[in-house]
Amino acid sequence: MTRKKGEKTEGLAAEVKRQFGAESTTRFLRTLPAFRTEADIPDRFRKLLDRLDGAESSAAGGRRQ
């Protein structure tokens, strides 16, 4: 892989990460049934989801809510 192609690939990856982390994308995804959590999920799964949210927030520098 040439240096120019590698830089293009890295730039694309950074842009995709940026867009997925954007608040507007997050809001949109929450409206889709596949990305919505059910209200009646077992407590153990809700705790795991809460831990995952906390880990994502830490990794993103607290940008996500």
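As the structure is a computational prediction, the values presented were derived from the model and not from experiment. These values consider heavy atoms only, across backbone and side chains, with no hydrogens, waters or symmetry-generated copies.
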[atom1]/[X] to [atom2]/[Y] distance, rounded to the nearest 0.5 angstrom?
X: R46; Y: D53; atom1: CZ; atom2: CG; answer: 10.5 Å
X: T26; Y: F20; atom1: OG1; atom2: CZ; answer: 10.0 Å
X: L52; Y: E56; atom1: CG; atom2: CD; answer: 4.5 Å

Quick check: does any side chain N or O of T25 sit under 3.5 Å from a backbone N or O of Q19, one acting as donor and the other as acceptor?
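Checked: pair present.
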Are E23 and R27 close enough that some pair of their side-chain heavy atoms sits under 4.5 Å apart?
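Of all side-chain heavy-atom pairs linking R27 with E23, at least one is under 4.5 Å.
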Min side-chain heavy-atom separation L12-K8 under 4.5 Å:
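No. Closest side-chain heavy atoms not under 4.5 Å.
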